[in-house]
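Below, each value reflects all heavy atoms present in this structure, side chains not excepted, and no hydrogens, waters or symmetry copies.
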Number of protein chains: 2
Amino acid sequence: MANSSSGDSVVDRIVRVISAFPQDVGALRLSDLADRARLPLTTTHRLVQQLAGHGLLETAPGGMVRPGLRLWELVNRASPALALRQAAMPFMEDIQQVLNQNVNLAVLDGWEALFVERLSRRGSVANRAQVAGRMPIHISSAGLALMAHQDKALQQEYLGQFADPDGKLVAADIRGLLAETSRQGFAQLKGVVDPDTWGIAVPVLDRRQRAVASLGVVVPLQEMRLQALVPALQTAARGIARGLAGA
Amino acid sequence: MANSSSGDSVVDRIVRVISAFPQDVGALRLSDLADRARLPLTTTHRLVQQLAGHGLLETAPGGMVRPGLRLWELVNRASPALALRQAAMPFMEDIQQVLNQNVNLAVLDGWEALFVERLSRRGSVANRAQVAGRMPIHISSAGLALMAHQDKALQQEYLGQFADPDGKLVAADIRGLLAETSRQGFAQLKGVVDPDTWGIAVPVLDRRQRAVASLGVVVPLQEMRLQALVPALQTAARGIARGLAGA
DNA sequence: GTATCCCTTCCGTTCAATGGGACGTCCAGC
DNA sequence: GCTGGACGTCCCATTGAACGGAAGGGATAC
């Protein structure tokens, strides 16, 4: 940028401003936004004005700032997540109607599962997965289902991350989880994310048998329909894969 | 900006780049992106590289560019549309299960209805409303439901737009539609958007009886359950309003 | 009345953004 | 096999847009 201070570009700063908004939707005061974005107040003010001019942010009188509808529109009009979501929604609704519990759809991003969609219902058990939320691979059934069906090279790189502290033990555990997930064709975690819930997820595979997404449910621990549940998920996953390939 | 050419800021250019992606999800070639964004190729190249560095765009080998997951994540993590969507989804699913037809949720933005969510099902009739898509107010039941429950001043301003060409006639028609919508508490358009479909929408009202959103369905022309359908939509709309107020 | 906090505006400094030009690569047509 | 064209990528001198400290207003608390 022009002038002194830390050498980051305008793009960096815009990303910092947009990233500064927390998950809960409320508006931020300008100075809070500046603090969170680690930007000088004046600079934040100018950027917010410019972004608001395009509708990407909205400013309320009094200096409150919140994300704008136009930003949501632009991003959701063309996004890789959208095609996946459209292909998956009918199947997710089917699953949800039958089980009456939480259904979620995730993709792999970095070393985390990124949740693209979630259907929940009053009366269903708690589900930590939020839309646009993330969870580490090894403590989410969605993450395991995704990683268990990736290239060997990627899996090695992932497991290598756990070799640092006291090492091999943890890596071996996760390796075992992945192997079992791959063998069975589905991932399950009982009481890991939440003590009373049971996460089950299956991969959505492309032609080369690589997971492009995962379809999962969160059910109470006493759920008895596992034998019917997994095939239902797998059937739905195949349907989603077919929809993606066709489109 | 620095150097010659047309005086637009970096923010402008970034917005132009992101806006340049069309509705269908496919990736764009760099030079096409530059054309669509009306930016010099070199400048586009640099901006894309920077944005890709933050994951807001993704570049495939060969120069193809597409929106990135991180952008989707950032925007969907905190957005005014998200709170509305979350409050509305359970009710939309209920409606959809009963009717087995398309359900949509829209907000007013400018002189258009912006569709925030849509549930559709194989076998349901055509529905032109796309998620993050727009429709003019006067040819969508969602738009009518939204505009019929706004401030008088805003309605006047809206109707004023139609006074230009041959004027009064069209404005009077729309004024009539709005009046009827307001009186009945729901909007309906038979065969306007699509010759074989019937759009019906009700407003989601805040405490001051202003529409913050609209909840609508698209059903076949021969649908007979109108007397049960409208109350169901209105009940759901009240539920959504309650959820928004409580949150 | 005074102090405090916050948004907003002003303005001189400065360096990041800019984009024309050149290069390497990949095809299709001759 | 050669040639022409289209495209992505890199380089670098120019310059005006971005920067942010300082000062100004307006509201609220003490």
Exercise for review: Would you mind telling me which of D:dG8, C:dA17, C:dG19 lies closest to the side-chain atoms of A:Ser9?
Suggested key: C:dA17
Practice item. Using a strict 4.0 Å threshold on nitrogen-to-oxygen distance, state whether A:Arg70 and A:Glu58 make a salt bridge. Key: no
Check your understanding: Where the side chain of B:Arg13 is defined as all heavy atoms beyond and including C-beta, which of D:dG8, C:dA17, C:dG19 is the nearest nucleotide?
Key -> C:dG19
Tabulated below should be each protein N or O lying under 3.5 Å from an N or O of nucleotides 9-11 of chain D; please produce it.
| from | atom 1 | to | atom 2 | distance (Å) |
| --- | --- | --- | --- | --- |
| D:dT9 | OP2 | B:His45 | NE2 | 3.3 |

Point to revise | Nucleotide nearest A:Val10 (side chain, heavy atoms from C-beta), chosen from C:dC7, C:dA17, D:dG20 | key: C:dA17
Review point. Of all the nucleotides listed (D:dC19, D:dG20, C:dT18), which has the minimum atom distance to the side chain of A:Leu47?
Key: D:dC19
Revision key, fill the gap. To the nearest angstrom, the CG-P distance between B:Asp12 and D:dG16 comes to 17 Å
Check your understanding: In whole angstrom, what separates A:Leu28's CG from C:dC6's P?
Key -> 13 Å
**Study point:** All side-chain hydrogen bond (donor to acceptor under 3.5 Å, both in side chains) counterparts of B:Gln50, not counting sequence neighbours
**Key:** A:Ser9
Practice item. Mind calculating the distance between CG (B:Leu39) and P (C:dA17) to the nearest angstrom? Key: 14 Å
Practice item. In whole angstrom, give the distance that lies between atom CD of A:Gln50 and atom P of C:dA17. Key: 13 Å
**Study point:** A:Glu93 with A:Arg85: basic N within carboxylate O range, under 4.0 Å
**Key:** no
Check your understanding: Given atom CZ of A:Arg29 and atom P of D:dG26, what is their separation to the nearest angstrom?
Key -> 19 Å
